[in-house]
Undergrad: 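Below are the structure tokens for one structure; questions will follow.
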Amino acid sequence: MHTLWLNLRELWDVLIAALILGAGVPMVFAFAVRWWAHAETVDAQGQVKRNYVAYSGAVLCMILIIAVVVSGILFTAKAFIAHQFGIHLFGQK
């Protein structure tokens, strides 16, 4: 019975990680694209109006996406980096 509860707990952890990384990251990217589209608009006179709140939101989302992608690459290559360079990332021994 203990094994069943342990497996269910581990399955819950995997489910949460899959929801965050599998759906959350593309959702943040979608917000970035939408805010980027609203960062500059053209009015009836042909003048460009800039929305700095939308622009800064888009840039922050893009920075978050880049950080997640770089972290994922480093996490995947942590054993190689530890072996080749002696840099231990994410608790790699």
Side-chain angles (χ1 to χ4, degrees):
M1 193 66 174
H2 177 69
T3 305
L4 175 67
W5 290 115
L6 184 63
N7 287 340
L8 288 175
R9 183 175 158 261
E10 296 298 324
L11 180 65
W12 181 254
D13 292 344
V14 169
L15 178 68
I16 295 298
L19 285 175
I20 290 171
L21 297 175
V25 174
M27 183 181 65
V28 171
F29 182 75
F31 281 130
V33 169
R34 176 162 292 232
W35 285 339
W36 197 283
H38 292 292
E40 290 183 352
T41 56
V42 180
D43 62 2
Q45 290 81 20
Q47 295 179 343
V48 176
K49 300 241 179 176
R50 294 202 168 109
N51 185 353
Y52 292 108
V53 175
Y55 180 74
S56 62
V59 169
L60 287 175
C61 286
M62 288 295 183
I63 289 171
L64 178 66
I65 294 296
I66 290 169
V68 167
V69 168
V70 169
S71 296
I73 292 170
L74 290 175
F75 184 78
T76 303
K78 67 182 177 182
F80 174 77
I81 294 170
H83 177 71
Q84 293 293 327
F85 304 109
I87 301 170
H88 301 282
L89 301 171
F90 302 106
Q92 176 65 29
K93 295 182 182 183

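Computed from a predicted structure; not experimentally measured.
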Undergrad: Could you state whether Phe90 and Ile87 fall into the same hydrophobic cluster, counting links through intermediate Ile, Leu, Val, Met, Phe, Trp or Tyr residues with side-chain heavy atoms under 4.5 angstrom apart?
TA: yes

Undergrad: Using the side-chain contact (heavy atoms from CB on, under 4.5 Å) rule, pick out the option among Leu8, Thr3, Asn7 that qualifies with Trp5.
TA: Leu8

Undergrad: Rounded to the nearest 0.5 Å, what's the gap from CG on Leu4 to CZ on Arg9? Could you check?
TA: 13.5 Å

Undergrad: Could you note down all residue pairs passing side chain to side chain donor-acceptor pair (under 3.5 Å) where residues 48-60 supplies at least one of them, sequence neighbours left out?
TA: Glu40-Arg50

Undergrad: What is the minimum heavy-atom distance between Cys61 and Trp35, and which atoms define it?
TA: SG-CZ3, 3.6 Å

Undergrad: Side-chain heavy atoms nearer than 4.5 Å, only ILVMFWY residues, links allowed to pass through others: does that put Val33 and Val28 together?
TA: yes

Undergrad: Quick check on the hydrophobic clustering: are Phe31 and Val25 connected, directly or via other members, by side-chain heavy-atom contacts under 4.5 Å?
TA: no

Undergrad: Testing the basics here: between His88 and Ala82, what is the closest heavy-atom pair and its distance to 0.1 Å?
TA: ND1-CB, 3.6 Å

Undergrad: Applying a strict under-4.5 Å side-chain criterion to I, L, V, M, F, W and Y, I'd like to know whether Leu64 and Leu21 cluster together.
TA: yes

Undergrad: Rounded to the nearest 0.5 Å, what separates atom CD1 in Ile16 from atom CG in Leu11?
TA: 10.0 Å

Undergrad: Shared ILVMFWY cluster between Ile81 and Ile73, side chains joined below 4.5 angstrom?
TA: no

